[in-house]
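Down below is the structure, laid out as structure tokens.
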Number of protein chains: 4
Amino acid sequence: MNFNEHKPIYLQISDSICEKILNNEYLEDERIPSIRELGTMLGVNPNTVMRSFEYLKSIDVIYDKRGVGFFISPDARRAVKAIYKDEFMNTELPAIIKKIKLLEIDINDLSKKISRELGMKESS
Amino acid sequence: MNFNEHKPIYLQISDSICEKILNNEYLEDERIPSIRELGTMLGVNPNTVMRSFEYLKSIDVIYDKRGVGFFISPDARRAVKAIYKDEFMNTELPAIIKKIKLLEIDINDLSKKISRELGMKESS
Amino acid sequence: MNFNEHKPIYLQISDSICEKILNNEYLEDERIPSIRELGTMLGVNPNTVMRSFEYLKSIDVIYDKRGVGFFISPDARRAVKAIYKDEFMNTELPAIIKKIKLLEIDINDLSKKISRELGMKESS
Amino acid sequence: MNFNEHKPIYLQISDSICEKILNNEYLEDERIPSIRELGTMLGVNPNTVMRSFEYLKSIDVIYDKRGVGFFISPDARRAVKAIYKDEFMNTELPAIIKKIKLLEIDINDLSKKISRELGMKESS
DNA sequence: GTGGTCTAGACCACC
DNA sequence: GTGGTCTAGACCACA
């Protein structure tokens, strides 16, 4: 896994798990790798992974069975999607719109470009 | 001014100045408020403002006349626009596209929504 | 059975057995369910139940006949009551008093509320 | 500070801060000691203190000014009181009532004892 | 085996 | 100076 420089690793780990949930790579009630496993897999200290899990637990995306491990919460996909969508709509989208205005970008060009990208990625 | 939680304050100050330049609120060779003025206006430590100005100076958006103050560089608007556009296209846009895919957002709906917003804002 | 988050499961199992003893649901020299039975009943690893039984045995609340099962000790009710009362008076009560002070709760209201609850529960 | 053996230190630190708020020893918008200060004061690793502060921040009892320190949130006292009272009423009180029934404790005796304690402590 | 807590110490960005 | 992140490693209780 390649970590972005300026974002805390533990949040990047959380994000990657959320994305796996959105992509149905992790299903609800499925066990995820243990803290130590994931730590060695990612070349990261177990404490860092734990912080990630703590965060995800605090927003009810995962739960733990004591002595067994962490599991994807039932309803996690819907919850993650809601959180992400909410943030996109209320925070990112206004920022995007502001930039489009500020930079005098043509929305039609942009829209076409995005559609093309989506098409490409879906067919790949 | 409301500062975002996760972005350094000095960068947010820089951004707001750049936005003013793009909006033609600050014109080239116009003097901007002094470090102390801006510090008290924003409720921020002058050191933080200073850092902001240092940054803007380093990317040639402002220049200083010693003992007089800081001024918008000639050509600043073009330069800022280039920097912002570059970042938008190469960093933000790919992230946006990824999210659109992940969240299964309809690009046509989105495009319409943005157009409507742009229309509204321009008429305001 | 709903387990509390922060208390070891094996102690919660022990507690529930002690409560049954205090309620005369388990009588002295009565056999209690086997480790495996209880494990499946509670959805818990047999090791955890075992640990519970070990603990109860160590404080002489149950005894085992090898090859037969675990049984409530003679005099268990008296012993459990003494242990619980001691803990209530010396540990819990001071904590309760501290909270009442801190939260500025009216002791008369509280006392009435408790009396009412006791009345209700006894009549049910 | 004497730490209880079986409760995480970081939660005990949080509790002690909440109690100071309830007792008006910390007032709203007052700065609390820095992580490092409190760490040395309590003979505890700064990381442990930070964990405490993270928790308190997550429940909006404190807030931070970047580069300056942590401060008691406006409205913290009311919020803490609500949290504590809620837990007392919904979790602790039912447990107390259960024990009183189970141990056949006389509610009147208990009430008198508590009143006496409250009287003593208030006059001390 | 699992997670949870804690320490020591380092390094960083920021104010 | 402040908080924030991360590592390394230890120890513990629990399942």
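Below, all heavy atoms of this structure are taken into account, side chains as well, without hydrogens, waters or symmetry copies. Numbers restart at 1 for each chain; the letters A, B, ... are given by sequence-line order, proteins then strands.
Atom C1' of nucleotide E:dG3 and atom CD1 of A:Ile62 are separated by 11 Å, given to the nearest angstrom. The separation between D:Ile35 atom CD1 and E:dT7 atom P is 14 Å, rounded to whole Å. We find that CZ of D:Phe53 is positioned 15 Å from P of F:dT5, with the value rounded to whole Å. Counting to the nearest Å, the P atom of F:dG4 and the NZ atom of D:Lys65 are 15 Å from each other. Rounded to whole Å, the distance from CZ on A:Phe71 to P on E:dG3 is 9 Å. Rounded to an integer number of Å, the gap from C:Glu5 CD to F:dA13 C1' is 15 Å. Following rounding to the nearest Å, D:Tyr63 (OH) and F:dG3 (P) show an atom-to-atom distance of 14 Å. Following rounding to the nearest Å, A:His6 (NE2) and F:dC6 (P) show an atom-to-atom distance of 13 Å.
Among the nucleotides E:dC15, F:dA8, F:dC6, the one closest to the side chain of A:Ile9 is F:dC6. Of the candidates E:dA8, F:dT7, F:dA15, the closest approach to any side-chain atom of A:Arg66 belongs to F:dA15. Closest to the side chain of C:Pro8, out of E:dT2, F:dA15, F:dC14, is F:dC14. Closest to the side chain of A:Val68, from the set E:dG3, F:dA15, F:dC6, is F:dA15. Candidate nucleotides E:dG4, F:dG3, F:dT7 were compared by shortest atom distance to the side chain of A:Asp64, and E:dG4 ranks first. Closest to the C:Asn45 side chain, of the nucleotides F:dC6, F:dA15, E:dG3, is F:dA15. Looking at the side chain of B:Tyr10, the nearest of the listed nucleotides E:dC15, E:dA8, F:dA15 is E:dC15. Relative to the side chain of A:Thr48, the nucleotides F:dT7, E:dT2, F:dG3 differ in distance, and F:dT7 lies closest.
Using a 4.0 Å heavy-atom cutoff across all strands shown, B:Val44 reaches no nucleic acid atom at all. Within the nucleic acid shown, A:Phe70 comes within 4.0 Å of sugar-phosphate atoms alone, with no base atom in reach, counting heavy atoms only.
Side chain of C:Ser73 to backbone of C:Ala76: no donor-acceptor contact under 3.5 angstrom is found.
Aromatic ring orientation, C:Tyr55 versus C:Tyr10: perpendicular (interplanar angle above 60°, classes split at 30° and 60°).
Mapping D:Glu37 and D:Met50 onto DNA chain F by nearest heavy atom places D:Glu37 closer to the 5' end of the strand. Nucleotides of DNA chain E nearest to A:Lys57 and B:Asn47 differ in position, and the one nearer the 5' end is that of A:Lys57. Comparing D:Arg36 and D:Lys7 by the nucleotide of DNA chain E that holds the closest heavy atom to each, the one mapping nearer the 5' end is D:Lys7. Between C:Leu11 and A:Gly43, the one whose closest nucleotide on DNA chain F sits nearer the 5' end is A:Gly43.
Between the NZ atom in C:Lys85 and the CG atom in C:Leu93 there is a gap of 12.0 Å [rounded to 0.5 Å]. Atom CG in A:Asn4 sits 11.0 Å away from atom CG in A:Leu11 (nearest 0.5 Å). Here CD1 of A:Ile13 is found 8.0 Å from CZ of A:Phe53. Values are rounded to the nearest 0.5 Å.
Pair assignment for F:dC14: E:dG1, on the basis of Watson-Crick or G-U wobble contacts that are both within less than 3.5 Å.
A salt bridge does not link D:Lys20 with D:Glu30: every distance from a Lys NZ or Arg NE/NH1/NH2 to an Asp or Glu carboxylate oxygen is 4.0 Å or more.
Here B:Arg51 reaches the OP1 or OP2 of E:dC14: one of its side-chain N or O atoms lies under 4.0 Å away.
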